[in-house]
Amino acid sequence: MSKVSCALLLVAMIFATGCKEQSSSAGADVRDEEALSSPFAVTLGGNYLSVDAIRNQAKALIDDRISKDNDPQASITFAYWYPEFVFNKTMSAVDQYQGFWIKFEDDFSYRYGKDGKTFGSGRYHYRLSDGILAMVDDNAEIEPKFWKVQHNGKAMALIGEHDLGINNGMQIKLLSLDQAPM
């Protein structure tokens, strides 16, 4: 399987994980079956002693990384990203995730949705030195995600990483857009 396919799968998982349930403080404007079908609303289904403990560790990790490296990387914040392919045990159909998007902001926040609707949000840190993207969704039921990022400006691959006891086997290939899909 190519690295791009792996990365695409990873992004889709992130999107799917984040959309499972939304928090009113996250600024989400939709909660329905469509949101739950998002590639970013997928939970990894890990068998953890405490999802809260894992989330707290991931939040502390992101805070620590931001304090040491507080320069958001323009290579991921310049565009909206949409999944072309997602691999999570099987490869997605070509247009399965059409209209879904994620946007990384300069303040280390992200939001995701479909077409003009926002389904969820969270915090992230992307460290250029090792290419690792750490993400924590605002939804407390969504496990944190760690990705190895490969990108060329027009496309980005997210390849699931294993960190904090989380086994993320997803891969997502994302393509860039100047604005959210409508």
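- Between Y97 and V86, the closest side-chain pair of non-hydrogen atoms falls below 4.5 Å.
- Contact check for L61 versus F146: side-chain heavy atoms found under the 4.5 Å cut-off.
- The backbone N or O of E143 lies less than 3.5 Å from a partner atom in the side chain of K145, making a donor-acceptor pair.
- Between L133 and H125 there is no side-chain heavy-atom pair separated by less than 4.5 Å.
- For N152, the side-chain contact (heavy atoms from CB on, under 4.5 Å) partners two or more places apart in sequence, or in a different chain, are K154, A155.
- When side chains are defined from C-beta on, Y80 does not count as touching S176, because their heavy atoms never get closer than 4.5 Å.
- A donor and an acceptor atom, one from each side chain of R65 and Y124, are nowhere located under 3.5 Å apart.
- At a threshold of 4.5 Å between non-hydrogen side-chain atoms, the residues Y110 and M135 count as touching.
- What you find for T77 and P72 is that their closest heavy atoms are CG2-CB, 4.4 Å.
- Ring geometry for F119 versus F100: interplanar angle over 60°, hence perpendicular rather than tilted (30 to 60°).
- Side chains of H151 and V149 form a contact here, defined as non-hydrogen atoms less than 4.5 Å apart.
- Under the 4.5 Å side-chain criterion, counting only non-hydrogen atoms from C-beta, I132 is in contact with K148.
- For the atom pair K103 NZ and S109 OG, the distance stands at 9.0 Å (nearest 0.5 Å).
- In this structure, the side-chain contact (heavy atoms from CB on, under 4.5 Å) partners of Q73, at least two apart in sequence or on a different chain, are D71, S75, Y126, L128.
- W81 places a side-chain N or O within donor-acceptor distance of the main-chain N or O of I76, the cut-off being under 3.5 Å.
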Just do the salt bridge (charged side-chain N to carboxylate O under 4.0 Å, His left out) check on D137 and R123 with the steps written out, would you?
CA-CA 6 Å; D137 198 279; R123 295 188 67 222; over 6 Å; no
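- To the nearest 0.5 Å, the span separating CD1 on I62 from OG on S67 amounts to 12.0 Å.
- The distance between the ring centers of W101 and Y82 does not fall below 6.0 angstrom.
- The main-chain N or O of V136 is never found under 3.5 Å from a side-chain atom of K59 such that the two would form a donor-acceptor pair.
- Side-chain contact between R111 and E105 is present, with heavy atoms from C-beta onward closer than 4.5 Å.
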